[in-house]
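Just so it is clear: chains get the letters A, B, ... in the order the sequence lines come, proteins before strands, and each one is counted from 1.
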2 protein chains.
Amino acid sequence: MGILMKGKPVADAIKEELKAEVQDLKAKGIIPKLTIVRVGADPGDMSYERGALKAMANINIDTDARALPENIEQTDFISELEKINADTSTHGILILRPLPKQLDEKVIKNFIAPEKDVDCFNPINVAKVFEGDETGFPPCTPSAVMEILKFYNIELMGKNAVVIGRSMIVGKPAAMLLLKEHATVTVCHSRTRDLPLVASGADILVVGIGRAKMVNSNYIKDGAVVIDVGINMDEDGRLCGDVDTDNCINKASMITPVPGGVGSVTTSVLAKHVVQACKMQLSLL
Amino acid sequence: MGILMKGKPVADAIKEELKAEVQDLKAKGIIPKLTIVRVGADPGDMSYERGALKAMANINIDTDARALPENIEQTDFISELEKINADTSTHGILILRPLPKQLDEKVIKNFIAPEKDVDCFNPINVAKVFEGDETGFPPCTPSAVMEILKFYNIELMGKNAVVIGRSMIVGKPAAMLLLKEHATVTVCHSRTRDLPLVASGADILVVGIGRAKMVNSNYIKDGAVVIDVGINMDEDGRLCGDVDTDNCINKASMITPVPGGVGSVTTSVLAKHVVQACKMQLSLL
């Protein structure tokens, strides 16, 4: 029977470390601050925002939640963003995406100050993740995957890591972060032939493909470490991952649950990025 | 006995196509132009420059070779670069690298106009290669790999591609370009355990690790397609690749020679990027 790698202890450990760092900064008169920019009132955005605000408050990171009108024009959005860029009291900026149609993300991404871009929207940070440059901020989800692997002492050097999914918010950056830790990395996707065969070569399997319980024990090598990034609803309307956990847990040595796995670490990673951004901006790193 | 995939016919086909395109542009009064920026007089740089100038002349692309003093200061270099950025007669800029020590590439890369950056120096283009956005220019060498695979009708969708090497000029961009064509891509490197085993799972093997003749038949699956990106000197002072071609040619179905393989396609790719840049700048694409 494999071990469930829960996210909470990982998040708690990150938070404890950050609390100490934030306290040190406070002693120097510095308070890290995250500004969240939300356009409209999408329930998913609002739920994520509430979670993020709560996590920041818990660590004593200041926050500012800007709610912009659903129909805001691009020039107005950019001018709001530039004000936040210029505001030295804000160290991290999170723009909740996707943005409504009148706002062109391909244009806007170039305007967020790279040093405040804590969720990898600006191409400067995208390039840094590709290059393995640690002064950039990877997207929070693949960063959370790496935090979990680190917390549970999973050795990566020379191991075979297989990533299922090639999105820019999970698969590709996860592949680059694993490569940076010297894993041999395979990226699979919907066109991969014999996916169970490829996946079952993995010592570490990261799944972020967005299909409920698609990965069963045929995809798992005996003793593999499985990280499930998916968040889906099953037929009974219950939250589930991309991995059929019950079916895999006897074959995997360790597996993250959904809910309670990767998703419970992302806001702690966000907080970590804000503190790191704050320190970099004040030349404290 | 495998087939040698020579670079020359690939380069010739690209050149023929470009000549026609350049002729069409000329009829509209447009002449694509590449400006090469060289600092100092490194023999390798000068040799590459001569080859590039000759290739452009052959296709009727205008060129301007700027030789800057070895000891040029960063601010002066940047101001030269900005003049070239602003010069509307230049559509592509190639800065020969590595630059001397007083010039910080991490700073300078941000100054080359992304739309003229035909060899993937600016992070905007690096991010586009990572994202699979075709409006960016990948580095010329991995682009040449893809041109060879296309010319020789190698199917990529769903195939297992293994890339040995994870540099930013070959391995990582090659991995992204293969992924864009829907191959399942594995990136290997010096820390990979049992590299011959991993490599011999490849339908398409791309080798860019910089070690003379390292890859022998133990790394090759029967019938694999092998692309050798290495350029090294063997013990007798002769040019050779990272693959021991003689040893592998009976196992591989197709293999690129060195010299005469990937290296003979790169300047044609450079020319292709210049024409593409010219058309994009004039909104003709």
Honestly, the part of B:Lys106 sitting under 4.5 Å from a heavy atom of chain A is side chain
One thing to verify: whether A:Glu155 and B:Arg191 come together as a salt bridge, which I'm taking to mean a side-chain N less than 4.0 angstrom from a carboxylate O. no
If you tally heavy-atom pairs under 4.5 Å between each of A:Leu195, A:Thr184, A:Asn160, A:Ile124 and chain B, the highest tally belongs to A:Thr184
**Asked** In terms of heavy-atom contacts, does CD1 of A:Ile169 have more than 12 from other residues, nucleotides or ligands at under 6.0 Å?
**Response** no
**Prompt:** Are there more than 12 heavy atoms of other residues, nucleotides or ligands under 6.0 Å from atom CD of B:Glu134?
**Reply:** no
Tell me whether B:Ile231 at atom CD1 has more than 12 heavy atoms from other residues, nucleotides or ligands lying less than 6.0 Å away. no
Whatever's closer than 4.5 Å to a heavy atom in chain A on B:Ala183 counts as backbone
Tightest non-hydrogen contact, residues B:Lys172 and A:Phe130, listed as NZ-O, 2.7 Å
B:Thr186 and A:Val198, any side-chain heavy atoms less than 4.5 Å apart: no
Atom CD1 of B:Ile84 with >12 non-hydrogen neighbours under 6.0 angstrom: yes
Does any non-hydrogen side-chain atom of A:Thr192 lie less than 4.5 Å from one of B:His182?
no
Applying a strict 4.5 Å limit to non-hydrogen atoms, the region of B:Met157 in contact with chain A is both
*Are any of the side-chain heavy atoms of A:Val126 and B:Lys128 separated by less than 4.5 Å?*
no
In terms of heavy-atom contacts, B:Ala127 and A:Pro123 come closest through CB-O, 3.5 Å
Honestly, the part of B:Asn110 sitting under 4.5 Å from a heavy atom of chain A is side chain
Give the intermediate values and the outcome of salt bridge (charged side-chain N to carboxylate O under 4.0 Å, His left out) for residues B:Glu131 and A:Arg166. CA-CA 10 Å; B:Glu131 288 166 345; A:Arg166 53 177 162 171; over 6 Å; no
Worksheet item: Is atom CZ of B:Arg211 surrounded by more than 12 heavy atoms (other residues, nucleotides or ligands) closer than 6.0 Å?
Response: no
When the 4.5 angstrom heavy-atom criterion is applied to B:Asp133 and chain A, the contacting part is side chain
